[in-house]
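Notes for the one structure printed next.
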Amino acid sequence: MTDTFHDVRAAILAATPQAETFPYGAGEALTPERLAALRAAPHLQDVLAEMRAEAHRAQTEPIPTLPFSAFYRFEAEGTRREYEAPYFARRGRLLGLVLTAVVDETDEPLPALADLLWAICDEYTWAVPATIPVGVAANVASHREPWEVVDLFAAETAHALAETLYLLGGRLNPWLHYRVRAEIERRVFRPLFHDPVHFGWESVTNNWAAVCAGSVGMAALLLERDRERLAGMTDRVLRAMGSFLSGFGADGGCAEGIGYWIYGFGYFTYFAEMLRAYTGGALDLLHGDKVRQIAGFPAAADLSDNRYVPFSDSFADRLGRTAVPTGLLCRLAARTGQPTPRMTQVPSFHFDACYRWGHVTRNLLWSDPARFNQPLPDQTTYFPDLAWTVARRLLGARDAAESLSFAAKGGHNGESHNHNDLGHFVLHIGGESLLADLGAGVYTRQYFREERYRHLHPSSEGHSVPVIAGHGQAPGREHAARVLAHQEGADGATLALDLTPAYAVPSLQRCHRIFTWTVDTAARTARLDLADEFAFASPPASLAEVFISLRPPAIADGLITWQGDHGAVTLHYGAGEWRPCVDAIPTHDHASRPQTVYRLSLERHTPGTTETARFTFTCELQPAGERQQEGAAVS
């Protein structure tokens, strides 16, 4: 992104937006013929039915309330759901009502929509309590009032309302246009564009920069008629987008995980396509090698059939799957030529609990069924900037149940949405991570503050890494892994890491971890050889190797087995050298669903000043006739 303000201003002033391209791109004008085609499209029938059901609910049930008691709960107890559940329910109803009115060409939803728009305009702040200063005193001392905080959700609300006005035009009462525009100006445009004090997200290198900037940028393109002002607004948005892109290395990998790739790069893409449509291609952000590499991340990080590498604050359903918006994937494939993960259907209207306008609308408009059901090829990818190795093999029918996949990571412990997990790894066998990553925990105030690493999910203790002298890994950018070697081959991969800086243990002189992954496709097996080399100035009080699973391990003499629905992993270790101990830890996943984590600890008998721990994991797929019912034993 090298466009100067001169270039941006020239492109905005010269733009002649065309109805057939703006705002969604060429061929996406919502003509009667296009709307009839959407209504008849076989691949959209399920999501359209859910859309209409949501619109019906919005017309027959009261608008969810946002009382002070829910607003205050975050400050009092640190929990978010009490306020955010009704807040996002309102956004879901907005989507249902608007899209039903537009796609079905009916005015039936408009009375309920008018009341909902008015209620959203009445909200004390479009931000959520978790993203404004905590407590009255902190807000008084803040540079901005709560209703002037432009966070992810205020920005997304501005975009959703702006697109609502654009799509429905004169079908809405003029008072609604007047009020919605005024609220967007008061709550978003003026705090952001008229204040020389920048918001913190404008210079961060994570998803916040893209989501906030992209949402506000789209609202500006849809609403602002003063071209000079729009040029300045766009320039400021583009600077934030530059910050976002700088958070990626040349390898295009997303340290925040697939969920935040969807969020951040999704809104980058939605804004990029609207800006390209507005300027007739003069400003096109979806070009260049780096953007192309970022677009290819999902296909490279897919372990089996939409079960992605789960590092960092990732989140998935009970079977480990993450729904990536098909509209986003199809548009990126068309624009960049990058492969996509396997797509079988458009995600549910309810796939995103926050009901983000950008995802659902573009799923309807951009999903191309011609790109569905394309096989996911075998692939081994090394991300040098992330220090991730991802090796995927899909055998037989090439579905999830036939997968032998492995992933391991280096990096540093100051990454966005960081977990203290250097040297952590996943064994993904038969469509299930039997040696697992827990992904994100429940988001609370404490989870994102000083207590973060007391929570199992982001802590070192919740990952398959050594515990040295009773210490897990320490947080912070200085606690980093160094790649000693990596190699990719047709039948596997090797990754060697120096983890010494990850531990704040004064006596530790060396901690090296070496992974050697080999797949035997004919035998339908794989093998991971894991070697940990330690050196100490004096013998440590204790040394333990930890392995994390959502399956209970079966322990025998020198053997430990994790049995899945479609395969198994068996750990071979020296029974005379290590003492096994299993903790069954009750917790909750990111969606607050109960979860039991099985933490296997192998404790070294009387560790010395030098130790080499060698473990072999044998991974086997079960014949189809012996498979368990999928998900039966997952807690």
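The model shown is predicted, which means the values in this text are computed figures rather than measured ones.
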NZ/NE/NH1/NH2 to OD/OE distance under 4.0 Å, [X] and [Y]:
| X | Y | answer |
| --- | --- | --- |
| Glu183 | Arg186 | yes |
| Asp107 | Arg171 | yes |
| Glu123 | Arg90 | yes |

Could you tell me whether [X] and [Y] have their ring centroids closer than 6.0 angstrom?
| X | Y | answer |
| --- | --- | --- |
| His359 | Tyr270 | yes |
| Tyr355 | Phe88 | no |
| His590 | Tyr447 | no |

Exercise for the section: Step through the shown structure and confirm whether more than 12 heavy atoms of other residues, nucleotides or ligands are within 6.0 Å of CD on Glu108. Expected result: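 Open.
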Exercise for the section: Give a yes or no on whether His194 atom NE2 has more than 12 heavy-atom contacts from other residues, nucleotides or ligands under 6.0 Å away. Expected result: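 Yes.
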Problem - Side chain proximity check, Pro64 to Arg93, heavy atoms < 4.5 angstrom - result: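 Pro64 reaches Arg93 side chain to side chain.
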Practice task
Would you check if there is a donor-acceptor pair between the side chains of Glu156 and Trp357 at a distance under 3.5 Å?
Solution key: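 No, Glu156 and Trp357 have no side-chain donor paired with an acceptor closer than 3.5 Å.
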Problem - Under 3.5 Å: donor-acceptor pair, side chain of Ser215, backbone of His159 - result: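 Checking the backbone N and O of His159 against the side chain of Ser215, no donor-acceptor pair under 3.5 Å is found.
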Exercise for the section: Assign the ring pair Tyr263 / Tyr260 to parallel, tilted or perpendicular, where the plane angle (0 to 90°) is split at 30° and 60°. Expected result: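 It falls in the tilted class, 30° to 60°.
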Handout entry: Cation-pi geometry met for Arg73 and Tyr83 (6.0 Å, 45°)
Key =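 Geometry flag: not set, cation outside 6.0 Å or 45°.
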